[in-house]
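First the structure, in the form of structure tokens, and then the observations on it.
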Amino acid sequence: MLERELETARSLAFEASKLILGYYANEIVAEEKLGADNKYEPVTAADRAASRLIVDGLRDAFPDDAILSEEEIGEGLEWTRAARTWIIDPIDGTAGFIRHEDDFAVQIGLIDKGKPVVGVVHLPAFGITYESAFGSGAFFNANGERKRLAVRDVSDPSEMRVALSRNHFSPRMNILLDHFHFASNVRRGSVGLKMGLIAAQESDVYIHLSSRTKLWDTCAPQIILEEAGGILTDIYGDALVYNTPELSNLNGIVACGSAGHARIIDGLRPLLESFERKRK
């Protein structure tokens, strides 16, 4: 049903990847921009060029759909009214991209009536892709091989492997690690990569407490995780909202397999109270 949408997103992600790797092979000039949350963050010419390529390709293929890209937000809030909106992060993990760390991704997602239904997360430096369309399962592609994804069936936090942010590690995460006693942890870059690791059974949970992730960080990875049997919510267990003028996931995110998600949410409650954290 969504084959054309998935194929178009995959093709554009591969095209953008080639463009991005051209920049990656040379010295990368970093600039600063005022982000959607009114905080400064890095941006490069590669971000802008990849965004333009993807946006143009989607407009040609699906002229009736709205488009929201991190680098081309616009002022009309079109994504809040449209039935379908493509949500794009041309380079998820720009900070690592600038430092020539390989954990950056091209992310292209589609929402229908506010729900993610197509997602492609492609990692140019590794040549691997996580992808999914609603009702069709989630898949990992590498070296011409396509493998179906399914999260690990684990419910006890002490048996879970947690994925942590490499470049946005909050001191409160040390308290969280002590609280849950996870079996192990790994620090990686892109949000999409970390959720892909959960879908591929290489990790089990990812918790981001702050409000710094945006709609384009989570849209494409969410459908991939869900089709692999996982759940993505905010830190209170509430669904993420995409057809909203608020671009930040103000209440953080929790990605986990369905067997353990409720226990993670329950375990977070006393921590959030101790942090005096309130729903936004």
Side-chain angles (χ1 to χ4, degrees), residues 33-42 66-71 73 77 79-80 85-96 103-105 107-119 121 130 132 162-170 172-173 176 188-199 203 205-226 230-256 261-262 264-265 267-269 271-272 275-280:
K33 68 174 182 181
L34 189 62
D37 54 5
N38 289 317
K39 296 181 180 178
Y40 283 97
E41 54 191 43
I67 299 175
L68 170 64
S69 170
E70 176 179 8
E71 306 308 331
I73 295 172
L77 301 180
W79 70 92
T80 66
T85 298
W86 292 91
I87 300 182
I88 305 155
D89 193 342
I91 302 180
D92 179 40
T94 298
D103 286 0
F104 57 91
Q107 300 191 170
I108 304 175
L110 172 65
I111 60 168
D112 189 341
K113 300 179 179 65
K115 307 281 188 184
V117 294
V118 170
V121 174
Y130 303 97
S132 182
V162 62
L164 305 171
S165 293
R166 172 181 285 168
N167 295 304
H168 304 284
F169 190 84
S170 162
R172 286 183 170 177
M173 290 304 295
L176 183 145
R188 301 297 298 268
S190 158
V191 172
L193 169 57
K194 290 190 280 288
M195 289 199 218
L197 294 177
I198 298 172
S203 187
V205 60
Y206 168 48
I207 303 168
H208 193 96
L209 295 173
S210 86
S211 60
R212 294 304 304 275
T213 69
K214 312 297 192 301
L215 304 187
W216 44 77
D217 294 311
T218 54
C219 178
Q222 178 167 347
I223 185 62
I224 297 167
L225 180 66
E226 289 177 344
I231 299 175
L232 175 64
T233 66
D234 68 17
I235 57 178
Y236 300 100
D238 296 329
L240 302 186
V241 179
Y242 289 95
N243 52 355
T244 169
E246 177 53 65
L247 296 170
S248 297
N249 297 310
L250 294 176
N251 291 311
I253 56 174
V254 172
C256 188
H261 183 269
I264 294 297
I265 296 299
L268 278 171
R269 287 194 182 104
L271 276 183
L272 298 177
F275 296 156
E276 297 184 346
R277 182 70 179 267
K278 306 293 184 184
R279 273 189 177 92
K280 298 179 182 178

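Atom set for the values below is all heavy atoms of this structure, side chains included, hydrogens, waters and symmetry mates excluded.
Between the OG1 atom of Thr213 and the CG atom of Leu247 there is a distance of 11.5 Å, given to the nearest 0.5 Å. Once rounded to the nearest 0.5 Å, the distance linking OG1 of Thr218 with CD1 of Ile87 reads 7.5 Å. Atom CG of Asp103 and atom CZ of Arg166 lie 4.5 Å apart (nearest 0.5 Å). Atom CZ of Arg188 is separated from atom CG of Leu193 by 4.5 Å, given to the nearest 0.5 angstrom. Taking CD1 from Ile265 and CD1 from Ile231, the interatomic distance works out to 9.0 Å, rounded to the nearest 0.5 Å. Note that the CG atom of Leu272 and the CG atom of Leu209 stand 7.0 Å from one another [nearest 0.5 Å].
Scanning for salt bridge (Lys or Arg N to Asp or Glu O under 4.0 Å) contacts around Asp112 gives an empty result, with sequence neighbours left out.
Across all non-hydrogen atoms, the minimal contact from Leu268 to Ile235 is CD1-O, 3.8 Å. Residue Lys280 comes nearest to Ser211 through the heavy atom pair NZ-OG, 4.0 Å, listed as atom of the first residue, atom of the second, then distance. Residues Ile223 and Pro116 share a closest heavy-atom pair of CD1-O, 3.5 Å. Contact record, Ala220 with Ile108: CB-O, 3.4 Å, taken as the closest heavy-atom pair. Between Ser165 and Tyr206, the shortest heavy-atom distance links the atoms OG-OH, 3.5 Å. Minimum interatomic distance between Ile111 and Cys219 (heavy atoms only, all atoms of both residues): CG2-SG, 3.6 Å.
Inter-residue side-chain proximity for Asp89 and Asp217 is flagged as met; some heavy-atom pair is nearer than 4.5 Å. Considering only heavy atoms from C-beta on, Thr94 stays 4.5 Å or farther from Glu70 through its side chain. Counting only heavy atoms from C-beta outward, the side chains of Leu68 and Ile88 never approach each other to under 4.5 Å.
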The test is side-chain contact (heavy atoms from CB on, under 4.5 Å); show your working for Arg212 and Glu41 and say whether it passes.
CA-CA 11 Å; Arg212 294 304 304 275; Glu41 54 191 43; 3.8 Å; yes

With side-chain contact (heavy atoms from CB on, under 4.5 Å) as the test, would you mind laying out the steps for Tyr236 and Arg269 before giving the verdict?
CA-CA 8 Å; Tyr236 300 100; Arg269 287 194 182 104; over 6 Å; no

Stepwise side-chain contact (heavy atoms from CB on, under 4.5 Å) test for Ile224 and Met195
CA-CA 8 Å; Ile224 297 167; Met195 289 199 218; over 6 Å; no

Under the salt bridge (charged side-chain N to carboxylate O under 4.0 Å, His left out) criterion, do Lys115 and Glu226 qualify, and how do the steps go?
CA-CA 11 Å; Lys115 307 281 188 184; Glu226 289 177 344; over 6 Å; no

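When atom types are taken as modelled, the side chain of Arg277 and the backbone of Leu271 share no donor-acceptor pair closer than 3.5 angstrom. A donor-acceptor pair under 3.5 Å is absent between the side-chain atoms of Ser248 and the main chain of Leu250, judged by distance alone. Between the Lys214 side chain and the Asn249 main chain, no donor and acceptor come within less than 3.5 Å of each other. Between the Lys33 side chain and the Tyr40 main chain, no donor and acceptor come within less than 3.5 Å of each other. Checked by atom type and distance alone, the side chain of Gln107 pairs as donor or acceptor with a backbone atom of Gly192 at under 3.5 Å. Formation of a donor-acceptor pair under 3.5 Å by the Trp79 side chain with backbone atoms of Thr244 is found in this model. In terms of modelled atom types and a separation under 3.5 Å, the side chain of Asp92 and the main chain of Val191 share a donor-acceptor contact.
Sorted by first then second residue, the salt bridge (Lys or Arg N to Asp or Glu O under 4.0 Å) pairs that include residues 232-248, not counting sequence neighbours, are Asp238-Arg279.
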